[in-house]
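First comes the structure, then the notes that go with it.
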Amino acid sequence: MNPLGTLDELPRDYVEELTRANLVPLWPSMRALLPPQAPRSATLPAHWRWTAIRPLLLRAGELTPMEKAERRVLVLANPGRGLDNLQASAAIYLGMQLVLPGETAPSHRHTPNAARVVVEGEGAVTLVDGESCAMEPGDLILTPTGQWHEHRHVGRVPVIWLDVLDLPLMVYLDVSYAVEGTSQTAQAPAYSYAAGGLAPVAHGRRAQGPYPLLRYEWRRTREALQALASSTEPGTPVQVAYVNPETGGDCLNTLAFAALLLRPGEEVVIPRDSAARVFHAVEGDGEAQVNDTAIAFEHADTFCAPGLATVRLANRSSRAPLYLVSADESPLQRKLGVYEQR
Ligand code: GTQ
């Protein structure tokens, strides 16, 4: 029973009169909107298996041509939020996208920010405002808000990647839309960050524009994690953040991206915070404990933890390292002043 009363307790004619005037009493909804001490989240710990996604996505390749689909994507939807809402969490959308050899996903731009983590295949490029970003497994490629992007594939095998967008947020704010474009002319990157701490200078000038780095090569991310591991105590997460190399801030405005290494046999606890978080296994297998839910995940699986969840990750292999990429809502929450660690 709601201590602040229910609509049923009110005289029917009174409720009808309110409804006719587009008015609603607050008190029956007060506790749901402002629950005590902690938010209530519809986001459930959820697990999407690569072995389930891959054959269904390849089948979509047979069923639906690119001309019809525009983006051939299976959305990883959180059942707690309702599958039809296409949300992994309140602000995060996840999709697994397939491009077949010879296909192009046509150029468009949209208000939502996007990033891709390449899962399988080679020979595809994403053009971002003309900049050609090669797509190799594990690479993180940004297509920030408003930037033109198209995906071309001249390789021989299907290429598949995980799309991470802040689409639910943009839809909620009534600012989500796309503009269709014409095929881009590919240019080599004007500035290229080949090593941390060294900013490229061209014609005496540093990089211009808010997104100086669009492709974070997995090879380099992996090397950075390995180097960090040698100076990190066992049980302390070996983690790097994907940052904007000019500002040191988050690589996108709304979502933060990180890569983690769990050494053979290692178990770590992720600091408990208010940001919902998704994880994707780039290399290796492991176990996650998200609140009361145990998730045994394998290579290329994706899983999700609601904000304020207790998250433990374990690499049960005695020989192979486990590499994960994560995305979370912390930049957005920080900007709103609601981010907290508990
Ligand atoms: O590749 O541009 O999964 O626009 C959803 C919307 C991918 C894309 C998605 C998109 C894209």
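Note that ligands are numbered from 1 as they come in the structure, with each ligand's atoms numbered from 1 the same way.
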Any atoms of ligand 1 less than 4.0 Å from a non-hydrogen atom of [X]? List them with their elements.
X      : value
His108 : 2 (O), 4 (O), 8 (C)
Val73  : 3 (O)
Asp163 : 3 (O), 7 (C), 9 (C)

Point to revise | The single option from Phe303, Trp48, Trp50, Phe279 passing ring pair (Phe, Tyr, Trp, His ring centres under 6.0 Å) against Phe297 | key: Phe303

Practice item. Tell me, please: is His151 in heavy-atom contact with ligand 1, that is, under 4.0 Å? Key: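 Per 4.0 Å heavy-atom rule, His151 contacts ligand 1.
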
Practice item. Would you give the length of the straight line joining atom CE of Met96 to atom CD of Glu120, rounded to the nearest 0.5 angstrom? Key: 10.0 Å

Practice item. Select the closest option to atom 4 (O) of ligand 1 among His110, Arg71, Arg109, judged by heavy-atom distance. Key: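 Minimum heavy-atom distance to atom 4 (O) of ligand 1 goes to His110.
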
**Study point:** atom 6 (C) of ligand 1 [closest protein heavy-atom partner, distance rounded to 0.1 Å]
**Key:** Leu165 CD2, 4.0 Å

Check your understanding: Which protein heavy atom lies closest to atom 5 (C) of ligand 1, and at what distance to 0.1 Å?
Key -> Tyr93 OH, 3.5 Å

Practice item. Run the ring-centre check on His153 versus His151 and record whether the distance is less than 6.0 Å. Key: no

Point to revise | Trace of the side chain to side chain donor-acceptor pair (under 3.5 Å) decision for Asp328 with Ser330 | key: CA-CA 6 Å; Asp328 70 71; Ser330 63; 2.6 Å; yes

Review point. Can a salt bridge be assigned to the pair Glu283 and Arg222 using a cut-off of 4.0 Å between side-chain N and carboxylate O?
Key: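 Salt bridge present between Glu283 and Arg222.
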
Check your understanding: Taking Tyr93 as the fixed residue, which of Leu167, Asn85, Leu76, Asp166 is the one that meets the side chain to side chain contact (heavy atoms under 4.5 Å, CB included) rule?
Key ->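 Checked Leu167, Asn85, Leu76, Asp166 against Tyr93; only one passes side chain to side chain contact (heavy atoms under 4.5 Å, CB included): Leu167.
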
